[in-house]
Each structure stands twice: as structure tokens, then as C-alpha cells.
Amino acid sequence: MRGLAAAIQGLRIKRVLVRRGDLRHAMPTSLGATLTGARIHGFRRRAKYLLMRLDNGWSVLWHLGMSGRMVIGPATNQPHEHVVLDFDDGKRLGFIDPRRFGAVDLVRTEDEDRHRLLARLGPEPLSETLNGKLLHEAFAPKRTSVKAALLDQNLIAGLGNIYVCEALYRARIRPTRLCPDVTKREATRLAAAIKETLTDAIKAGGSSLRDYVQTSGELGYFQHHWCVYGKEGEPCPTCPGAPCPGVQRILQGGRSSFFCEVKQK
DNA sequence: ATGTCCACCTGCTGGC
DNA sequence: TGCCAGCAGGTGGACA
């Protein structure tokens, strides 16, 4: 969002090209007509949704799914660029999403938070609302693992598989722990760990896997900071005491969890 | 109401 | 070299 704001805020959309509208949620057919001629007024992020606010009362809701990217730059040959915005100053924005798990939708700016994909989201992890007390109370009635709870966007919004693994590692809590068994003290540690993990990732220029790119096309590089995610079999970087058996991978709800059984209790 | 699991897609990697 | 199984950042919705 920051990359987009720096590049295109204030510009007028001259032309809209929708190559494929059949993402997981079909794009509205009025997308082109609503965007053409409008000026980019500003941006907002909510959970993993990007809201691009126009000067005509509409906001464009974007979600990158698993494989989505937004890139400012000239046309390329790659086959999954589904939406292109051309701006009055000659800049060009491409929305690329090979797996088409992403989303593009329109919503009136004043109704953003009532959009069906946003309406039930939990608090932002970097807000003051998220603290040890809130986590502890939210965990009490849950009958799931702490891993599943942190991935639940209705409990806390915006954490994905990577950051949940990393935050639990920092907080020294095993992903398999049941929510009601997490103590107040641990919940406080976890809240702090979540904030630190996200803050570090943002500071490091984004995140993610081999093909993640910033809007400039540069690779995000938080991957250099991962302690456990994707590191099955490797020694845990901060394990107290001598021989660390190494990072383990288990499946929880069909998704990989990475943890160190020595450090995380 | 709550929790679990699948489906939606394409691309890449590693083992044979 | 080629083929194929397995896995991947997310999440809405079907089902128990």
C-alpha cells in the first residue's frame, strides 16, 4: 500500500483494462466505468485488504490472495495480469494473480467497513486494542489450538501462516497449545511478539516468498529474518542450551506449522 | 453457534 | 531429461 501511495496517489485513471474478471469472487462489471476518469484520492489497509479511495465516492477493494502482486511498470509478457490501470502521467499499474485467489471489488467509501468481506474482521494487530488482556479473554471460550485462533481473521485481522508461526516462536508458545490453556502472562508475551514480528517485517520492506515483489518489482526481504517458517530440520537460531533438535514441521488444519520444541512450550 | 475441512487455481520443486 | 506427486502466502462456504 505504501508503495502504491508513493507512486500513484493524486493521479487520474485514464484507462482501465480488465483481461480476466473471473477471480475467486468475480469482479464487478462496472469496474472500468467506475474507475475511468477518477483520481486516486488515497489508500487504506484493513487486514489483508487494500482500499484504493477515488475522488468520486468509490473505493476499490483489492486482495492479493496467495499469489497476487501489484506492480507499477511497463507491460510484460507474463500471462496473469488481469487488470491494468493507465494513468494520465503515463504510469501503468498491473494487478497480477496467477492462482486467481485474489479479489477486486467496488464499495462506496463511506460503506467500506460494511463490505461483506470486512464487516466481521477482528481488531488490527498493531492497534492498541490488541494486548494481552484481549487475547487472554478471546482465547478463554475457544476450543481450538492457538495456531488456528491466530489465523482466524474474525479474532485478529491480518495474520497469515508465516507471521503466526514466527510470532508463536517469539512468544515461546507451541502452535498446538489449546487456547484456554494459554496463561495471561503468555498472552501478554504473545501480543508483544505479534506486534514485533509485524513491525520488523514492515521495516524490512515487506515479506514473503521467492516471488513476492514490492510495487517497484524489488523483492521483499523479510525472508532473511524468518526463524522457523520453512526451516524444517534446520537448527533453531536462538535455542537456549546445547544441541537443538531443529525446527519441526507439523500439519494443523491442513497447513504447515513450524516450531522449535525446546524453545516453545 | 462453533469448529473443521474442502475448493478455488497455477506454478514450482524434488524424487524417481 | 521428463514426469508426477506434493506443496504453497488465503479464506468463503459447506458441512458436522
Side-chain angles (χ1 to χ4, degrees), chain A residues 1 19-27 45-50 61-71 76-83 95-105 107 115-122 125 137-169 175-181 194 197-198 201-202 204-215 219-233 247-258:
Chain A
M1 185 194 77
R19 288 210 182 83
R20 284 197 76 154
D22 59 331
L23 305 186
R24 188 153 178 269
H25 308 278
M27 291 178 207
R45 180 196 58 73
R46 175 74 172 111
K48 298 171 194 169
Y49 295 92
L50 179 73
L61 179 85
W62 306 85
H63 194 292
L64 299 179
M66 302 255 276
S67 57
R69 331 173 204 174
M70 297 179 88
V71 177
T76 61
N77 287 328
Q78 73 82 30
H80 302 294
E81 191 178 58
H82 307 310
V83 182
F95 172 78
I96 300 157
D97 184 10
R99 293 176 76 174
R100 306 208 312 280
F101 287 178
V104 184
D105 201 4
V107 61
H115 189 283
R116 63 185 198 93
L117 298 177
L118 306 190
R120 286 180 304 277
L121 292 170
E137 287 169 5
F139 282 171
K142 284 262 161 198
R143 306 173 65 88
T144 62
S145 67
V146 63
K147 167 74 187 292
L150 292 179
L151 281 176
D152 179 355
Q153 302 297 298
N154 299 328
L155 200 86
I156 307 170
L159 296 179
N161 202 28
I162 294 176
Y163 296 148
V164 167
C165 290
E166 294 296 313
L168 286 170
Y169 174 79
T176 49
R177 284 278 296 284
L178 294 179
C179 287
D181 297 342
I194 288 168
T197 300
L198 292 178
I202 293 165
S207 83
S208 256
L209 299 185
R210 58 194 162 274
D211 58 352
Y212 174 86
V213 285
Q214 304 178 58
T215 52
L219 286 173
Y221 51 100
F222 184 68
Q223 60 266 33
H224 300 310
H225 296 259
W226 293 346
C227 292
V228 288
Y229 185 84
K231 295 195 175 289
E232 184 181 12
V247 174
Q248 295 193 41
R249 181 175 80 98
I250 56 169
L251 281 182
Q252 288 183 282
R255 313 198 64 194
S256 289
S257 292
F258 298 88

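Per chain, numbering begins at 1; letters A, B, ... match sequence-line order. Values below: every heavy atom of this structure, side chains too, minus hydrogens, waters and symmetry copies.
Residue contacts shown for A/Leu117 are limited to sugar-phosphate atoms, with no base heavy atom under 4.0 Å away. Using a 4.0 Å heavy-atom cutoff across all strands shown, A/Gly254 reaches no nucleic acid atom at all.
For the P atoms, the distance linking B/dC6 with C/dC7 amounts to 13 Å, nearest Å. The separation of C/dA14 from B/dC9, taken at their P atoms, amounts to 16 Å, rounded to a whole angstrom. Atom P of B/dA7 sits at a distance of 16 Å from the matching atom of C/dG6, rounded to the whole Å. If you take atom C1' in C/dG12 and the same atom in B/dG11, they sit 23 Å apart, rounded to whole Å.
Not one side-chain nitrogen or oxygen of A/Arg100 sits closer than 4.0 Å to the OP1 or OP2 atom of C/dG10. For B/dG3, one of the phosphate oxygens OP1 or OP2 lies less than 4.0 angstrom from a side-chain nitrogen or oxygen of A/Lys142. Dashed line: the shortest gap from a side-chain N or O of A/Ser256 to OP1 or OP2 of C/dA8 is under 4.0 Å. Residue A/His63 places none of its side-chain N or O atoms closer than 4.0 Å to OP1 or OP2 of C/dG10. At the phosphate of C/dG9, OP1 or OP2 sits under 4.0 Å from a side-chain N or O atom of A/Tyr229. Taking 4.0 angstrom as the limit, A/Arg249 places a side-chain polar atom (N or O) nearer than this to OP1 or OP2 of C/dA8. Distances shorter than 4.0 Å separate none of the side-chain N or O atoms of A/Arg143 from OP1 or OP2 on B/dA1. OP1 and OP2 of C/dT11 both lie 4.0 Å or more from every side-chain N or O belonging to A/His25.
Protein atom CG of A/Leu64 is 16 Å distant from nucleotide atom C1' of B/dC9, rounded to whole Å. Computed from coordinates, the A/Asp97 CG to B/dG11 C1' distance equals 12 Å when rounded to whole Å. Atom CD1 of A/Ile162 and atom P of C/dC7 are 17 Å apart (whole Å). Distance A/Ile250 CD1 to C/dC7 C1': 17 Å, rounded to the nearest Å. The distance from atom CZ of A/Arg255 to atom P of B/dT4 is 15 Å, rounded to the nearest whole Å. What separates CD of A/Glu81 from P of B/dT10 is a distance of 17 Å, to the nearest Å. One atom, CG of A/Leu151, and another, C1' of C/dA8, lie 14 Å apart when rounded to the nearest Å. One can place NZ of A/Lys147 at 12 Å from C1' of C/dG9, the figure rounded to the nearest angstrom.
A/Cys227 and A/Tyr169 make their closest contact through CB-CE2, 3.4 Å (heavy atoms, listed as atom of the first residue, atom of the second, distance). Across every non-hydrogen atom of A/Phe101 and A/Met66, the tightest pair is CD1-CG, 3.6 Å. The two atoms that bring A/Leu151 and A/Leu159 nearest to each other are CD2-O, 3.9 Å, heavy atoms only. In plain terms, the two heavy atoms of A/Leu198 and A/Pro125 that are nearest each other are CD1-CG, 3.5 Å. Across all non-hydrogen atoms, the minimal contact from A/Arg46 to A/Leu121 is NH2-O, 3.3 Å.
Figure legend. C/dG13 is base-paired to B/dC5; pairs are counted as Watson-Crick or G-U wobble with both atom distances under 3.5 Å. Under the Watson-Crick or G-U wobble criterion, with both distances below 3.5 Å, C/dC4 is paired with B/dG14.
Donor-acceptor pairing under 3.5 Å is recorded for the side chains of A/Gln252 and A/Ser257.
The side-chain ring of A/Phe101 is stacked on the base of B/dC8, judged by centre separation under 5.5 angstrom and plane angle under 30 degrees.
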Next on the checklist: Between A/His25 and A/Arg116, is the side-chain hydrogen bond (donor to acceptor under 3.5 Å, both in side chains) condition met? List the steps.
Outcome noted: CA-CA 12 Å; A/His25 308 278; A/Arg116 63 185 198 93; 3.2 Å; yes
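Where A/Arg120 and A/Met66 meet DNA chain C, the nucleotide closest to each residue was compared, and A/Met66 sits on the side nearer the 5' end.
A donor-acceptor contact under 3.5 Å links the side chain of A/Arg99 to the base of C/dA8.
Nearest to the side-chain atoms of A/His80 among the listed nucleotides B/dG11, C/dG9, B/dA7 stands B/dG11. Of the listed nucleotides (C/dA8, B/dC8, C/dG13), C/dG13 has the atom at the smallest distance from the side chain of A/Arg116.
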